[in-house]
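Heads up, the thing below is written out as structure tokens.
Each chain gets a letter, A, B and so on, in the order its sequence line appears, and its residues count up from 1.
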There are 4 protein chains.
Amino acid sequence: MSTETHDKYRLILQAAIEIISEKGLYNTSISDIVKKAGVAQGTFYLYFRSKNALIPAIAQNLISITMEKMKENTNKHTDFDGFLQTFIEAIYTITDEYKDVIVLCYSGLAIDHSMEIWESIYQPYYEWFETELERGIEHGEIIEQTNMQWTSKLIINLVENAAERFYIGRDQDMTKEQSMTEVFHFVRRSLTAK
Amino acid sequence: MSTETHDKYRLILQAAIEIISEKGLYNTSISDIVKKAGVAQGTFYLYFRSKNALIPAIAQNLISITMEKMKENTNKHTDFDGFLQTFIEAIYTITDEYKDVIVLCYSGLAIDHSMEIWESIYQPYYEWFETELERGIEHGEIIEQTNMQWTSKLIINLVENAAERFYIGRDQDMTKEQSMTEVFHFVRRSLTAK
Amino acid sequence: MSTETHDKYRLILQAAIEIISEKGLYNTSISDIVKKAGVAQGTFYLYFRSKNALIPAIAQNLISITMEKMKENTNKHTDFDGFLQTFIEAIYTITDEYKDVIVLCYSGLAIDHSMEIWESIYQPYYEWFETELERGIEHGEIIEQTNMQWTSKLIINLVENAAERFYIGRDQDMTKEQSMTEVFHFVRRSLTAK
Amino acid sequence: MSTETHDKYRLILQAAIEIISEKGLYNTSISDIVKKAGVAQGTFYLYFRSKNALIPAIAQNLISITMEKMKENTNKHTDFDGFLQTFIEAIYTITDEYKDVIVLCYSGLAIDHSMEIWESIYQPYYEWFETELERGIEHGEIIEQTNMQWTSKLIINLVENAAERFYIGRDQDMTKEQSMTEVFHFVRRSLTAK
DNA sequence: AATGAATGAGTCTTCATTCAT
DNA sequence: GATGAATGAAGACTCATTCAT
């Protein structure tokens, strides 16, 4: 049955995320994963071509979760400042919760020299942010940008970096709030200055 | 004599950088490295505790090269705008040249969950940039910042990200010059806006 | 099917006993064993956790064989003297046949500091001898002993030692028969004297 | 200087005994030994042909110590009973103190299939015991034996076994005193019965 | 005699993947 | 679709030994 089938896929993916997050990609064996998922060794290969094929699936999963949370949190704001603040807050929260998965995606994709996959998975995310930027421009809250998509990417990366530096790089000589405020002002100044 | 000794270390490190850059950390065997370095298998372990111990050494090496090039290129400028432009240009150039090494550092450190090592290696780099920022403030070219070091980190990461997206993420729907110009203005606006 | 499965275990164990007996534990590689057993390298690890895990299995096997032969040979005797003579004869025969396995068990267990495993494997053997001793006492052939089990252990070890000295230590300035006779009388005197 | 020279030999031997006793022969590297001895790697090979060449030296050393202690303790006795009691006591004490060295000798010699070396090292020990036995016979304390040397070996092995079972095999369901008493009576009965 | 850097052969063990049931 | 026993290639690492100084 298709539900049955999909169950095994999710079971394996979920187990993989949990174990790999904890132990890292190369310290995790297929055997670990199937044991946790409660399926047989061979079953893994019915759903994933290889061990490496897990990574894009995990990355995809992460972005899906991120976008879901993002839309949920930011849709109550009408002004750009409020949106930006909530956006930053959400990124910090997600980074905290999923730091291990984020790290595994970085390393997993880097290993294969397949960083460009990362970009393609991010695409809808960038587009969503671009729409929000455009709304800010229409409302006259921020200035016209030369290249909307590029600016979107820049800002998303900027905020993610700050959050990662805070949670993953353990660069915590500021509080979370101070760190977020700095990012907020940095971006805001850039978006509003003539 | 002491040169002899140091030679083996350099020989191995250089071979490691070249091969790992090309094939990735986990597709490279110690055997590959020592063969290229022209030393015996066991000699590797006289200089590195393990295969993973290579990564911090490689990262360190990368930062050293980066800072050297950076100082060399930027010291002819007296105004901040000129400095920033040269700085961005240098980052793009270095990223292009060392993209494989950069990727291997990311993935290598991520594998071990030792991203904080990255931060500690970056420390002198951050400090150098901070000094440049301060000079810009003294000259009245940019506005006072709440947290100098934090801003330094933010900007360095911002520029590196843009360059990495351009060269590693293959996000090349702009030219290199357009990309650099965007970054320049984004940063400049943020640093000069009241 | 279940025979199939058990076959691999037996195949590996048998090959291991033969090769290790001949070449010693540390001159034998897993590769040697699996080649002789006709299974794949990895298959070894499905049945034994490590190379060292072979030793207790081999020791167990040796004791099983020993007890089997022992019971077979001694059960025709009703008087203790006859039993003791046959017992000694059997030990000499087994020691001769399995001297290499005996040596490998000693050294193998000693390496791990796990000599106590040896004792636990011997337990049923000691108990069996104790029963025979008790029968001798009931029949009035030998005198009451303070500690039956302890005496059993002492005698078994005594006889084994003599046999090992004869076959392994190559201390052959007596014939096998003389050696056995000496042991017989030594033990008998001790068991019958008031 | 010859003292100098001999110093290094003793330094290495002593270090070897200590480390190998603790970690076992195959978990100890030459590197461990020379580090503890405070000499250079190459120096080891000036005094020992190979790693395995250590074992006979260690065994020899153990027997020397044993005989020394033995003579020291037993020479105050004139009757055989007193001698035997002291002998047993001494064996138990030495076994306790040197159990690790004993184990390493067993395993070390067994590995090479060179158990006969053990016998040759024991030779003077056997002879010394034989002399004591003869004295007992002259004094009419024990009966004439068919084969003096063989009986000596048997008894030494018997007592050592009991002690080893007590200290190494951890077969301690009797106290040390009970164990020793049993051995004493067992041997005494056998030596005095007609 | 003493050193210790260099060697490189040797081996255990892991693990992704296959395939007969 | 599901299983899991079997495979065997691959590789990190150890360590006894050598030798130029």
* To do: Spell out, as yes or no, whether a donor-acceptor pair under 3.5 Å connects the side chain of A:N27 to the backbone of A:K23.
  => yes
* Structure fact -> Between NZ of A:K23 and C1' of E:dT14 the distance, given in whole Å, is 12 Å
* For B:S31 against B:Q41, the heavy-atom pair lying closest together -> CA-OE1, 3.7 Å
Please list each protein N or O that sits under 3.5 Å from an N or O in nucleotides 9-11 of chain F, with the distance.
none

* To do: For B:L46 and for C:F44, locate the closest nucleotide of DNA chain E by heavy-atom distance; then report the residue assigned to the nucleotide nearer the 5' terminus.
  => B:L46
* To do: Grab the OH-P distance between B:Y9 and E:dA5 for me, whole Å please.
  => 16 Å
* Asked: Can you name the one residue among D:L62, D:I65, D:I20 that meets side-chain contact (heavy atoms from CB on, under 4.5 Å) with D:V101?
  -> D:L62
* **C:I20 CD1 - E:dT11 C1' separation (whole Å)** => 14 Å
* Structure fact -> To the nearest 0.5 Å, atom OG1 of B:T28 lies from atom CG of B:L104 at 8.5 Å
* For atom CG of C:N52 and atom C1' of E:dT11, their distance in whole Å -> 13 Å
* Structure fact -> When B:A40 and C:R49 are each assigned the nearest nucleotide of DNA chain E, the 5'-most assignment goes to B:A40
* Can a side chain N or O of C:Y45 be found less than 4.0 Å away from OP1 or OP2 on F:dT7? -> no
* Asked: Looking at C:Y26, is C:K51 sitting on its ring face, NZ or CZ under 6.0 Å from the six-membered ring centre and within 45 degrees of the normal?
  -> yes
* To do: Indicate whether OP1 or OP2 belonging to E:dA2 is found under 4.0 Å from a side-chain N or O atom of D:Y47.
  => yes
* To do: Would you classify A:V39 as touching base, sugar-phosphate or nothing, given that sugar-phosphate means primed atoms plus P, OP1 and OP2, and contacts are heavy atoms under 4.0 Å?
  => sugar-phosphate
* **Consecutive-pair stems (at least three Watson-Crick or G-U pairs, under 3.5 Å) that include DNA chain E** => E:2-21 with F:2-21
* Would you tell me if any nitrogen or oxygen in the side chain of A:T43 comes within less than 4.0 Å of OP1 or OP2 on F:dA2? => no
* To do: Rounded off to whole Å, could you give me the CG-to-P distance for the A:L54 and E:dC15 pair?
  => 15 Å
* Please give, in whole Å, the distance from E:dT14 C1' to A:K35 NZ? -> 12 Å
